[in-house]
Structure formats: C-alpha cells, structure tokens
Protein chains: 2
Amino acid sequence: MSLADQISADLLERLQSGELRAGERLPTEHQLTDEYGVSRATVRSALRRLESLGLTVTRHGLGTFANAGTTEVRADLRQLNSLSDTIASFGLTSEMSYRSRAIRAATAEERRRLELPARAKVLATERELTADGTVVAFSYDAIPRLVFPEHLDIHTVDGSLFAVLEAHKARVATALTEVHAASGNEVGWGPRPAASNYVLLSQVHYLENARPVMYSNTFFVEGRFTFSLIRTR
Amino acid sequence: MSLADQISADLLERLQSGELRAGERLPTEHQLTDEYGVSRATVRSALRRLESLGLTVTRHGLGTFANAGTTEVRADLRQLNSLSDTIASFGLTSEMSYRSRAIRAATAEERRRLELPARAKVLATERELTADGTVVAFSYDAIPRLVFPEHLDIHTVDGSLFAVLEAHKARVATALTEVHAASGNEVGWGPRPAASNYVLLSQVHYLENARPVMYSNTFFVEGRFTFSLIRTR
DNA sequence: TAGTGGTCTAGACCACCGC
DNA sequence: CGGTGGTCTAGACCACTAG
C-alpha cells in the first residue's frame, strides 16, 4: 500500500467518522504535508483519490472541502475492480458464494459480446455477494472455455473471477460497461432483499491485448452501493 | 492550457492519426521526457489522462500501449452534456416540455447539495422529455435563486437549462454524478411508460470555479438509453 | 540483468481567492 | 496583501517484466 493510499484511507476514515464534517474545510495541503511527514505531491495524490470518489471538492485558492454523504459505500465507476475488491476497499466484510458453475454452450448474446464462433462453449457462473448477512449483489458471468486448459476442474473456480483469470495468465485490463436499471424477482435467487431495484452493470471485460475475456451481468441492490463518477464537458 | 494538457493532446492526435496504432507501445516515459523537454512528472500526468480516457493501457515494467476499439462507444457516461444534447446524441428527435417552474425555498437536500444557507431559495423545474410521442425521461432540477438577477421572468426559462445558465454567465463545467435505479409510479407524472424502471442520475453540477450551480435528478426510462463507459484498473 | 513504470522528495513559481 | 491550491522540476530509489 503506497503512502498516498495510506493517507487517503486515513482521511477517508476521518471523513466517515465525522471528525471532518460535510462542508468543512480539510487541513491545507501544507498542513497535511507536515502532519503526515510526506511531500506535497504525495498529499495531492491522496486528495485526488478522494475527489475522484466524490468525497471532497477542491477549490483553487480556497481549500479542500468535505462533501456530504461520505458514510455510504461509494465506488468510482471509472475504476474497474473485482467485486471483492470493491467491497473490501470500504472495509466491509463480505462473502461471495457460488450458486452454480457450469460449462455450457454460449448463448447468442454471449457469443456476440465475447466475439465467439457458433457452438463455442463458456464457463458460466452464478454468484451472490453478501455483506453483514444481507445480499448486496447478484452476478452472472461467462468466460470462454478456451481461456482455460483442456482439463479444468470447475470446482477450483472460486472467489474473485479476476483472480481466477489471472491464475490462467489472463489479466483483465479494461471493461466496456453499460449501465441499466432492473427490478423484480427474475433477478437473483433465494431470499431477495426487500427493495428489489437493482443497478445492472453489463460488462465486457478485455485483456491488455483488447481481446474480450469475460461477459458479466452484475445486479447491485439499490441503496447498498453508491456508484459515482465525475463527468466533464 | 497546461504543459501536461498540451502533451496529452499531442499524443491523442498521434493516436488518432494512426501514427501510433492499436496494440503498439508508445515511447517510454524517459523518451517522452526528452522529446517534449519536460519533467517525467509532467509526462506521467499526460499519460494518466490518456489512460483515464481509456485510450491507453500502462503496464508496470513493460510500457504504455495504445488501446483498440475506443471509438465505438455509443454514449460515454464520462462526457457531461445537457439533457437535450444527450438525447440528440442518441439520434432521437425529442421534445422537452416544462411541467412546472417555480421559485421556492430550497429543500434540506437541495441546500446540502448546493451548499446553500438556511432559507435560501431555488428555481425549481420539472421537465419531461418525449421522443416519438413517448416519455423517455423525467427531470427534477434546482438552481440557486441568486444565480439569476433580481427580476427574473421564470417563463423565459425554457429549453436546455445548460443554455439558460450560460445566458446568465454560468457555464457548467463538471458534475458529480451518482447512479441509482428506481421504479414505480412516484416517478414522473401523467401517462407513464409501460416499463417503469429508470436509471436515475443524481447530479450536482459545478462551475469552473467548483461552485455548485444546479442539482438534478433525472430519471431515464430503462431501455431507451444505453449509458456506457470504459473502466480501467 | 537491463529497462520499464511506480512512487516519492524538496524545493520553485504561478494563479486564484477573500480581505 | 497573504494564503490557498495548480503546476512543474530534477533528481532518487523501488518494483515489475522480459530475456
């Protein structure tokens, strides 16, 4: 963990604990430089991270100010992380459980998104993410069968799919993501959350060489996550 | 325009002109340092910008590589546009109709988001966007009263609010956007679309000096729009 | 091992803001 | 005016990757 990461994590905690309240000015960059004993470049790197999360606003000549709503789980939409990392980065204890793992023929949609030929096969998984005992997301994922060696024990597929892919020398670099809204009981399985609205991220993940490697539909329970991003003209 | 901006713009041109093709490695940071006669920090700042646009991928120990297929994105969520422009970019001929315009006391939420004092007033509007005779979006917007001159005929407020703001020398530069999912009949008014799922973009718009100038909650009818973006690790 | 990017320092000067 | 963030420099050392 870099110095800048440690400092932004510490500031995040100070924001979430209420030590720094919404609208209040944070210490100046010079003060933070002294306080943490690092260079100003490092302080600025930490502050940039907070701002990209929408937790602070920095104004030239004035200072950096705490934004409201810093107690929710916020995820920078531009930043691509595994599901586990997204949740872990906010200090939540989460569990991921697989409902199914199967090797089957790719659907037409999967072939289109993953640029696969007819009759191609995929490893398809259904997963559920829980935090504090309640469901926070359902995810349906498909990975081309040929990413894996001939003999694959699908029961070794567990935990983060990003990690599984990396174990097979396939590192996810980018994703093309579509944002949708969904609701109803067709989403997920088992005991559903009372509020049945979902933010659906439909994503095609690519390797560094721009080859598609995973197609995911992840349904995030509305209210448990706040996806944010900064848009510019 | 900062040095880093000039360099990233120049590299962008080299990427788009085909001088640097998809998959190819860009010059090393050290080479770019010499080439442009700037420090490595400045070069890295320029490269970070390209990467955040999804145009390049930088790999530790290897180099920076041009990405492929980055021109196909339909509607980049990172790009902030007025509601009218957003809809126009989808090739829809749209109509915007105001359901209401009012000057009223700001709600607690509006005061918080817009950093307004108690008893501050806002210009509040409710708008409906239709295309081909069906509703495609509902929008609730609030602008601080003091953005406008003393005597404002609210009936002159029409069309794009971005344009209205610019007519009063307030140019929207950025927005902090939260992505949510919503559904049900509390959203909107009049004849609702049959499918009642919405992608809610909850946005605080800022001027170039980082002052908040408009708080919007826009409900996009699911299925009529596809918001997409490129995410990178 | 050589070369790459990742991080960090300790300054410097500029641009913006409120008083 | 004094204080703030915005930008930039010229180094340094570390971590990663390929051969």
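Remember, it's a predicted structure, so these values are computed and weren't measured experimentally.
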Side chain B/Ser17, main chain B/Glu19, donor-acceptor under 3.5 Å: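 Yes; judged by distance alone, with no hydrogens or angles, the pair exists.
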
From OG (A/Ser100) to OH (A/Tyr140), nearest 0.5 Å: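 One finds 9.0 Å between OG of A/Ser100 and OH of A/Tyr140.
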
Separation of B/Thr218 OG1 from B/Arg127 CZ (nearest 0.5 Å):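 The CZ atom of B/Arg127 sits 7.0 Å away from the OG1 atom of B/Thr218.
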
Salt bridge flag under 4.0 Å for residues A/Asp76 and A/Arg49: no

Check ion pair B/Glu178-B/Arg113 (N to O, under 4.0 angstrom): yes

Distance test, side-chain N/O of B/Arg59 to OP1/OP2 of C/dG5, below 4.0 Å: no

side-chain N/O B/Ser45 vs D/dC8 OP1/OP2, d < 4.0 Å: no

Bracket notation of DNA chain D in which parentheses pair within the strand, [ ] cross earlier pairs, and | pairs with another strand (Watson-Crick or G-U, under 3.5 Å): ||||||||||||||||||.

Candidates D/dG5, C/dG5, C/dC8 - which lies nearest the side chain of A/Ser39: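 Nucleotide nearest to A/Ser39's side chain: C/dC8.
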
Most 5' of B/Gly63 and B/Arg211 on DNA chain C, judged by nearest nucleotide: B/Gly63

5' precedence on DNA chain C between A/Thr42 and A/Leu62 (nearest-nucleotide basis): A/Thr42

Would you tabulate the side-chain donor-acceptor contacts of residues 53-62 of chain A under 3.5 Å, counting partners in other chains and residues two or more places apart, or write 'none'?
residue: A/Thr56; atom: OG1; partner: A/Glu51; partner atom: N; Å: 3.4
residue: A/Thr58; atom: OG1; partner: A/Thr64; partner atom: OG1; Å: 3.0
residue: A/Arg59; atom: NE; partner: B/Ala210; partner atom: O; Å: 3.1
residue: A/Arg59; atom: NH2; partner: B/Glu115; partner atom: OE1; Å: 2.7

Positive for side-chain hydrogen bond (donor to acceptor under 3.5 Å, both in side chains) with A/Arg231, one of B/His205, B/Gln203, B/Gln79: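 Checked B/His205, B/Gln203, B/Gln79 against A/Arg231; only one passes side-chain hydrogen bond (donor to acceptor under 3.5 Å, both in side chains): B/Gln203.
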
For nucleotides 11-14 of chain D, which of its nitrogen or oxygen atoms have a protein nitrogen or oxygen under 3.5 Å away, and what is each distance?
residue: D/dA12; atom: N6; partner: B/Arg40; partner atom: NH1; Å: 3.3

Sole residue of B/Leu47, B/Val38, B/Asp10, B/Ile7 in side chain to side chain contact (heavy atoms under 4.5 Å, CB included) with B/Leu32: B/Leu47

